Amino acid sequence: MGKFILFLDRLINLYLYFVVMACFMSLVPNLNPNYPLFHCIFKFAGFYLIPPIAGINISPMPQMMALVLISMGLRKLYAKYFAKKEPRIVILSQEEFEKKFINKEDNKNGD
């Protein structure tokens, strides 16, 4: 379940980057939004949810805020319930390794 939550978080982040890319594409002056490819991109990015106000399209903003809140919630859910169960990778220097493991083995054999 933890891997699925991470997958959903990454999928939401990917869609968020897609929406940001579509926002930058909308700033290009000679781009025709009625061209089928661009119309599909803008429709999938949610540009037609709220009509433009004073020539400014604000419809991606609530969508991006909702995506960020969902992503934050998924990360907190993962951190609270699943992060402790994941294996950790610990990088030790040779001296730290000797202190932790070899010296413990010597103390066990000496007793």
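All of these numbers come straight from a predicted model, not from anything done at the bench.
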Legend entry - Ile50 vs Pro62 side-chain heavy atoms within contact, under 4.5 Å: yes

Legend entry - Common cluster, Ile70/Met65, ILVMFWY with side-chain heavy-atom separation under 4.5 Å: no

Inset, instruction - Without swapping roles, check the side chain of Glu96 against the backbone of Ser93 for a donor-acceptor pair under 3.5 Å. - result: yes

Legend entry - Spacing of OG belonging to Ser26 relative to CG belonging to Asn57, to within rounding of 0.5 Å: 7.0 Å

Inset, instruction - Answer whether the closest heavy-atom distance between the side chains of Ile5 and Tyr81 falls below 4.5 Å. - result: no

Legend entry - ILVMFWY cluster, Met21 and Leu37 together (side-chain gap under 4.5 Å): yes

Legend entry - Same cluster (ILVMFWY, side-chain, under 4.5 Å), Leu14 and Phe7: no

Legend entry - Residue pair Pro33 / Phe47, side-chain heavy-atom distance below 4.5 Å: no

Inset, instruction - For residues Asn13 and Ser71, determine if any side-chain heavy atom of one lies less than 4.5 Å from a side-chain heavy atom of the other. - result: yes

Legend entry - Between CG on residue Leu8 and CG on residue Leu77, distance to nearest 0.5 Å: 10.5 Å

Inset, instruction - Quick one: pull up CD in Gln94 and NZ in Lys99 and give me the separation to the nearest 0.5 Å. - result: 12.0 Å

Inset, instruction - For the pair Ser59 (side chain) and Pro51 (backbone), establish whether a donor and an acceptor sit closer than 3.5 Å, ignoring hydrogens and angles. - result: no

Legend entry - Positive for side-chain contact (heavy atoms from CB on, under 4.5 Å) with Leu74, one of Leu11, Leu6, Ile12: Ile12

Inset, instruction - Take the angle between the ring planes of Tyr35 and Phe38 and call it parallel below 30°, perpendicular above 60°, tilted in between. - result: tilted

Legend entry - CD1 on Ile58 to CG on Leu49, rounded to 0.5 Å: 11.0 Å

Inset, instruction - Report yes if the side chains of Tyr15 and Gln63 come closer than 4.5 Å at any heavy-atom pair, otherwise no. - result: yes

Inset, instruction - To the nearest 0.5 Å, tell me how far Met25 CE sits from Phe42 CZ. - result: 5.0 Å

Inset, instruction - Taking the side chain as every heavy atom from C-beta outward, state whether Met64 and Val20 have any atom pair closer than 4.5 Å. - result: yes

Legend entry - Whether over 12 other heavy atoms sit under 6.0 Å from Met72 CE: no

Legend entry - Linked, directly or transitively: Leu67 and Tyr17 (ILVMFWY side chains, under 4.5 Å): no

